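Step one of this worksheet: look at the structure below.
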Amino acid sequence: MAFFKGYKYTTEQAAIDAREECDVYYGIPVSPDDVTQNWVEYQYAELNTPKFWYIVYDDSLLPVLGEPIEFQVITNSPAIK
Amino acid sequence: MITPYSNIISVQTSCFTGILDTYPNAAVAYSVRKLRAAYTGSSIRVRRSSDNAEQDIGFTGAGDLDESALTTFVGANDGLVTTWYDQSGNGNNATQTTATRQPPIVKAGIIQKVNGKVAADYNSTGLLFHSFTSGVVAATNMLIYNVGERTATSKIYSPFGASNTIFGYFSNNVLYFYGAEAWAGSTYTTTGQLLILGTANPTNYKFYQNNINLPIFLSVAPYSGRYDYINVYAFAGQSGKYQEGIIWNIDRTGDRAGITTNVNTYYGIF
């Protein structure tokens with residue numbers, strides 16, 4: 001279990017839309033040949049019930065996506081014997 | 001008339017010898033220093049924060065990261081690492097295409113360093129990491145090491161990792177090699193600049209931290225695991241700085257001492 005501050009979305013399309021908002025705001029990519037293709041990326045909390053998509057908080061996201069929330073994401077951990 | 005010495009030909013030879021000249025055939029190799037004489041590529045690719053432009057940064061003649069080129073490009077802004085170029089010759093570059101996941105190597109015009117050598121700063125509450133072009137599957141024979149700075153305990157410091165594999169510290173302060181096949185027999189809370197090195201052959205795993213052999217608990221085969229990332233385990237956060245990491249998928253157990261000396265001579269870790 002990991003705790004994150006960020007933005008939660010109930011559909012993948014909503015997460016994609018949020019990512020594109022950030023790209024437009026910061027003008028990414030500058031060039032199609034650049035390594036950097038997105039400003040931010042979303043992730044899938046597939047072990048959670050219900051499943052959701054989320055973006056981890058970064059200070060640069062505040063003017064675009066607003067105030068973040070805190071949430072838990074279920075993760076796998078190495079086995080300890 | 002014969003001119004003395006007229007047949008002497010001037011031959012210029014490079015006196016540079018990198019660690020991969022002495023210990024070749026690495027699977028992946030990333031560093032802020034040049035690792036082999038024949039490598040003609042760059043060390044890293046950097047995005048600057050002022051306009052998001054990107055540029056490759058190479059080496060000086062002595063094989064150090066070209067700090068002058070880095071400063072000229074980034075200026076008083078931040079410089080973020082988009083790419084660690086694979087110096088092994090396998091083209092297995094480690095990239096990060098998302099801006100907010102790229103670690104700074106320059107902050108407000110100041111080059112980030114550990115013990116005088118340039119380092120990318122992966123300390124973050126977010127997720128800073130790089131993905132290999134093609135993951136490296138852990139082999140029966142393997143030597144893997146990383147030079148960087150463990151900046152905090154009880155946080156992940158995984159110089160190499162994947163979704164279910166780690167080489168480095170998990171948040172329980174246990175040092176793992178592969179997935180859960182091998183792990184140190186105790187918890188360790190040493191922070192600061194570290195050379196973490198692991199070896200594997202068909203009968204043995206070993207851990208070394210700053211050339212000290214750490215006791216290890218060892219489970220049995222099957223060997224498994226795959227390394228796909230620099231400085232990440234799954235999608236948990238991490239803490240640390242990164243300067244160099246190499247994986248050999250061949251038996252280099254006998255070269256462990258020489259590799260350690262080479263690394264420590266350059267970085268002055270212990």
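Just the heavy atoms: all of them, side chains too, but no hydrogens, waters or symmetry mates, feed the values below. These numbers were taken from a predicted model, which means no experiment stands behind them. Order of the sequence lines sets the chain letters (A, B, ...), proteins ahead of strands, with each chain counted from 1.
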Exercise. Heavy-atom distance under 4.5 Å to chain A: side chain of B:Thr83, backbone, both or neither?
Worked result: side chain
For this session: Indicate yes or no: at least one non-hydrogen side-chain atom of A:Thr10 is less than 4.5 angstrom from one of A:Phe52.
Result: no
Problem set entry | Heavy-atom contact with chain B under 4.5 Å, split by part of A:Asp58 | side chain
Exercise. How many angstroms lie between CZ in A:Arg19 and CG in A:Asn38, if you round to the nearest 0.5 Å?
Worked result: 4.5 Å
For this session: Please say which of B:Thr153, B:Thr151, B:Leu128 ends up in a side-chain contact (heavy atoms from CB on, under 4.5 Å) with B:Ser239.
Result: B:Thr151
Problem set entry | chain B contact via A:Val30 - which portion, at a heavy-atom distance below 4.5 Å | side chain
For this session: Count the heavy-atom pairs under 4.5 Å between each of B:Gln96, B:Arg45, B:Arg101 and chain A, then report the option with the highest count.
Result: B:Arg101
Exercise. Between the side chains of B:Tyr85 and B:Asp56, does any donor sit under 3.5 Å from an acceptor?
Worked result: yes
Exercise. Salt bridge check: are B:Lys107 and B:Asp78 linked by an N-O gap of less than 4.0 Å?
Worked result: no
For this session: Between chain B and each of A:Thr36, A:Val56, A:Leu61, count heavy-atom pairs under 4.5 Å; write down the option with the most.
Result: A:Thr36
